[in-house]
Amino acid sequence: QVQLVESGGGLVQPGGSLRLSCAPSENIFIINAMGWYRRAPGKQRTLVATITSSVSTNYADSMKDRFTISRDNAKNTVYLQMTSLNVEDTDVYSCYARMKVAPVSTPREFWGQGTQVTVAS
């Protein structure tokens with residue numbers, strides 16, 4: 001079973017930076033869109049940023065000036081560089097990918113387990 005493996009979360013002070021990374025646990029035939037979503041306890045998951053295979057990006061308005069999404073297609077990895085973090089950015093951040101695992105498989109969505117980002121002094 002293919003999984004998305006995330007890393008890079010943790011505790012950071014206000015004004016600090018973190019970089020999240022996410023990649024599939026095994027080789028994938030095609031990865032289309034990748035992205036990051038966030039969710040606070042008891043709330044719905046919301047968009048942070050997405051990036052397509054053609055490197056077209058989309059951001060939540062509140063984050064587009066502070067966060068940068070990128071991908072390394074050779075490594076099948078998506079990154080989220082977060083800067084100027086504030087306490088309101090505290091959440092669980094989950095990786096997303098729409099992938100075709102094998103040539104004969106149907107493209108479908110995959111989600112990571114989530115990585116905690118905590119901004120506190």
- Rounded to the nearest 0.5 Å, what separation is found between the OG atom of Ser84 and the CG atom of Asn86? 8.5 Å

- Note on the structure: Rounding to 0.5 Å, atoms CG (Leu80) and CE (Met63) come to a distance of 9.0 Å

Using residues 14-29 as the side-chain source, report each donor-acceptor pair under 3.5 Å to any protein atom, sequence neighbours left out, with the distance given to one decimal.
from	atom 1	to	atom 2	distance (Å)
Ser25	OG	Gln3	N	2.9
Ser25	OG	Gln3	O	3.3

- Task: Could you name each residue pair satisfying salt bridge (Lys or Arg N to Asp or Glu O under 4.0 Å) that touches residues 93-108, not counting sequence neighbours?
- Result: none

- Message: So does Thr77 get a backbone contact from the side chain of Arg71, meaning a donor-acceptor N/O pair under 3.5 Å?
- Response: no

- Would you name the heavy atoms of Gly9 and Val117 that are closest together and state the gap between them? CA-CG2, 4.3 Å

- Message: Treating Glu6 as the side-chain partner and Cys95 as the backbone partner, does any N or O pair qualify as donor plus acceptor under 3.5 Å?
- Response: yes

Determine all donor-acceptor pairs shorter than 3.5 Å in which one atom belongs to a side chain in residues 31-50; sequence neighbours excluded.
from	atom 1	to	atom 2	distance (Å)
Arg38	NE	Asp91	OD2	2.6
Arg38	NH2	Glu88	O	2.5
Arg38	NH2	Asp91	OD2	3.0

- Message: Do Val92 and Ile69 land in one hydrophobic cluster if side-chain heavy atoms of ILVMFWY residues count as linked below 4.5 Å?
- Response: no

- Note on the structure: One should read off an interatomic distance between Phe67 CZ and Gln81 CD, to the nearest 0.5 angstrom, of 10.0 Å

- Donor-acceptor contact present, side-chain Thr90 to main-chain Val119, <3.5 Å: yes

- Can you list the steps and then say if Ser70 with Val78 is a side-chain contact (heavy atoms from CB on, under 4.5 Å)? CA-CA 6 Å; Ser70 61; Val78 64; over 6 Å; no

- Query: Rounded to the nearest 0.5 Å, what separation is found between the CG atom of Asp89 and the OG1 atom of Thr118?
  - Reply: 11.0 Å

- Side-chain donor-acceptor contact under 3.5 Å, Thr52 with Ser54: yes

- Message: Are Thr57 and Lys64 packed together at the side-chain level, in the sense that at least one heavy-atom pair is separated by less than 4.5 angstrom?
- Response: no

- Message: Rounded at 0.5 Å granularity, tell me how far CD1 in Ile30 sits from CG in Asn73.
- Response: 11.5 Å

- Message: Could you see if Leu85 belongs to whatever hydrophobic cluster contains Tyr59? Use Ile, Leu, Val, Met, Phe, Trp, Tyr and a side-chain cutoff under 4.5 Å.
- Response: yes

- Without swapping roles, check the side chain of Asp72 against the backbone of Lys75 for a donor-acceptor pair under 3.5 Å. yes

